[in-house]
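Only one structure is covered here, and it is reproduced in the block below.
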2 protein chains.
Amino acid sequence: MPASSRERLGAVALRLTAPRIAVLDAIGPGQHLRVDQIAERVRTRIGRVSTQAVYDVLAALTAAGLIRRIEPAGSPALFENRVGDNHHHMICRSCGAVVDVDCAVGAAPCLTPSGTAGFHYDEAEIVFWGSCPDCTATTEGTLS
Amino acid sequence: MPASSRERLGAVALRLTAPRIAVLDAIGPGQHLRVDQIAERVRTRIGRVSTQAVYDVLAALTAAGLIRRIEPAGSPALFENRVGDNHHHMICRSCGAVVDVDCAVGAAPCLTPSGTAGFHYDEAEIVFWGSCPDCTATTEGTLS
DNA sequence: TTGGCAATCTTGACTCATTCCAGATAACGG
DNA sequence: CCGTTATCTGGAATGAGTCAAGATTGCCAA
């Protein structure tokens, strides 16, 4: 599914630059990475890159639809590979782990209810808050 | 439904202080206010109050379940009056307006889907992104 | 009614994520 | 190969929120 980073950049008419290629390469499938994590990975691949460049690249790639940005409450922005589908996220309250979720009830999980007259929406974003397997195990083990 | 601010504070065993009463009074039904907006309202009521105190009070009231905190992407935290029900929000992308939404399909709008083995969730948070009536009208009028 | 203690508030410094700016650099169409 | 213009660099600045130490003050008990 994911063509090479160069091909993906070309497909959306973005200039082929080392930072862009490295950023795209840095974000693997299923991952949800912070800007600093991405910058670190990029630097191990191509050496010194300004933080600003990483922000610029991420904004350009997001605008082009090559990556997706999510911003969970209490967390800095995270970036992921998977785009184009209307998937959601499940987030662990204690460790912040994020996993992708295919919505169980279709693309538009909730229909517009009453009380929103005139309000027109085009996206329903869902976050499931809970506890990941690891944290559930740890908590159960340490409960008094 | 909402008893006086003093009564509500007493009901959750929180000390009765001027900043707390003023903060509770400042957040009206249906409103979604930023910390600075709340601080401003509080100061018009009781004079000088430190910003830190406003943060502390909001944290205490949130922990006590008297108010609810939401944190939409790209916005500072917002606080609202309505708690205890599992309602959601519709947010205007252009002006940031927030309106409450009763989920159309029940309390748990989406069931846990596949691919989340071991992940246990207790809350599904939904944000509908779109355009409010005012912004829809404005945009339509100015489209080229 | 008065103490006393712990919760609460004040002040001010500080962190973190992100953005703004001006100038240097480099990709790519011609 | 060149020029234009998008990108990148470096550094300062902003905004939201947190941390910490000490001064106040609400409230329970005497």
Side-chain angles (χ1 to χ4, degrees), chain A residues 4-26 32-43 45-64 66-67 69-79 96 98, chain B residues 4-26 32-43 45-64 66-67 69-79 96 98:
Chain A
S4 79
S5 297
R6 290 167 192 277
E7 289 172 321
R8 283 188 283 166
L9 285 169
V12 292
L14 281 182
R15 283 192 186 175
L16 220 52
T17 71
R20 286 180 175 173
I21 295 168
V23 165
L24 269 182
D25 286 341
H32 304 83
L33 303 175
R34 295 188 308 270
V35 173
D36 60 300
Q37 294 174 311
I38 293 169
E40 188 190 331
R41 292 179 178 211
V42 165
R43 289 182 182 123
R45 281 172 180 70
I46 62 170
R48 180 142 301 288
V49 177
S50 71
T51 301
Q52 186 57 55
V54 176
Y55 273 98
D56 287 349
V57 167
L58 288 170
L61 298 182
T62 303
L66 292 183
I67 60 177
R69 175 194 182 112
I70 64 173
E71 215 171 315
S75 157
L78 304 177
F79 293 86
V98 179
Chain B
S4 79
S5 297
R6 291 167 191 277
E7 290 171 322
R8 281 188 284 166
L9 285 169
V12 293
L14 281 183
R15 283 193 187 174
L16 219 51
T17 70
R20 287 180 174 172
I21 295 167
V23 165
L24 268 183
D25 285 341
H32 304 84
L33 303 175
R34 285 180 271 111
V35 173
D36 61 301
Q37 294 174 311
I38 294 169
E40 186 191 332
R41 292 180 177 211
V42 166
R43 288 181 184 125
R45 279 171 181 68
I46 62 170
R48 180 140 302 288
V49 177
S50 71
T51 302
Q52 187 58 51
V54 177
Y55 274 100
D56 287 348
V57 167
L58 288 170
L61 298 183
T62 303
L66 292 184
I67 60 176
R69 174 195 182 112
I70 62 173
E71 213 171 317
S75 159
L78 304 177
F79 293 85
V98 180

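Owing to the predicted nature of the structure, the values given are computational and were not obtained by experimental measurement. Within every chain, numbering begins at 1; the chains are lettered A, B, ... in the order of the sequence lines, protein sequences first and strands thereafter. Side-chain atoms are counted along with the backbone in the values below, which use heavy atoms only and exclude waters and symmetry mates.
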Starting at the 5' end of DNA chain D, which residue's closest nucleotide do you reach first, B/Asp36 or B/Ala18?
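With B/Asp36 and B/Ala18 compared, the 5'-side residue is B/Asp36.
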Just the rounded figure in Å: distance from [atom2] of [N] to [atom1] of [X].
{"X": "A/Leu16", "N": "D/dC8", "atom1": "CG", "atom2": "P", "answer": "11 Å"}
{"X": "A/Arg6", "N": "C/dA27", "atom1": "CZ", "atom2": "C1'", "answer": "13 Å"}
{"X": "A/Arg20", "N": "D/dT9", "atom1": "CZ", "atom2": "P", "answer": "12 Å"}
{"X": "B/Leu58", "N": "D/dA16", "atom1": "CG", "atom2": "C1'", "answer": "13 Å"}
{"X": "B/Glu71", "N": "C/dA17", "atom1": "CD", "atom2": "C1'", "answer": "13 Å"}
{"X": "B/Tyr55", "N": "C/dT10", "atom1": "OH", "atom2": "P", "answer": "15 Å"}
{"X": "A/Asp56", "N": "C/dT25", "atom1": "CG", "atom2": "P", "answer": "17 Å"}
{"X": "B/Ile21", "N": "D/dT25", "atom1": "CD1", "atom2": "P", "answer": "15 Å"}

So what does A/Arg34 hit on the nucleic acid, given a heavy-atom distance under 4.0 Å: a base, only sugar-phosphate, or nothing?
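Touches nothing.
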Base, sugar-phosphate or nothing for A/Ala77? Non-hydrogen atoms, less than 4.0 Å.
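Touches sugar-phosphate only.
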Nucleotide nearest [X] (side chain, heavy atoms from C-beta), chosen from [options]:
{"X": "B/Pro76", "options": "D/dC8, D/dG17, C/dT10", "answer": "D/dG17"}
{"X": "B/Val35", "options": "C/dA17, C/dC9, D/dG17", "answer": "D/dG17"}
{"X": "B/Val49", "options": "D/dG10, C/dT10, D/dC8", "answer": "C/dT10"}

Does C/dA7 have its OP1 or OP2 closer than 4.0 Å to a side-chain nitrogen or oxygen of B/Thr17?
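False: B/Thr17 side-chain N/O out of range (4.0 Å or more) of C/dA7 OP1/OP2.
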Between A/Arg15 and C/dA26, is there a contact of a side-chain N or O with OP1 or OP2 at under 4.0 Å?
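Checking A/Arg15 against C/dA26: no side-chain N or O falls below 4.0 Å of OP1 or OP2.
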Go nucleotide by nucleotide along DNA chain C from the 5' end; which of B/Ala13 and B/Gln52 gets its closest nucleotide reached first?
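Going by which nucleotide is closer to the 5' end, it is B/Ala13.
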Give the minimum heavy-atom separation between B/Arg45 and B/Arg41, together with the two atoms involved.
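Closest approach of B/Arg45 to B/Arg41: NH1-O, 3.1 Å.
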Which atoms form the tightest heavy-atom contact between B/Ala60 and B/Arg20, and what is the distance?
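Smallest heavy-atom distance, with atoms named: CB-NH2, 4.1 Å.
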Please lay out, stage by stage, how B/Leu9 and B/Leu61 fare under the test side chain to side chain contact (heavy atoms under 4.5 Å, CB included).
CA-CA 8 Å; B/Leu9 285 169; B/Leu61 298 183; 3.6 Å; yes
Indicate yes or no: at least one non-hydrogen side-chain atom of A/Leu78 is less than 4.5 angstrom from one of A/Arg34.
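When only atoms from C-beta onward are counted, A/Arg34 and A/Leu78 do touch, with a gap below 4.5 Å.
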In a check of side-chain contact (heavy atoms from CB on, under 4.5 Å) between A/Arg8 and each of A/Leu66, A/Leu14, A/Ile21, which one passes?
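That would be A/Leu66.
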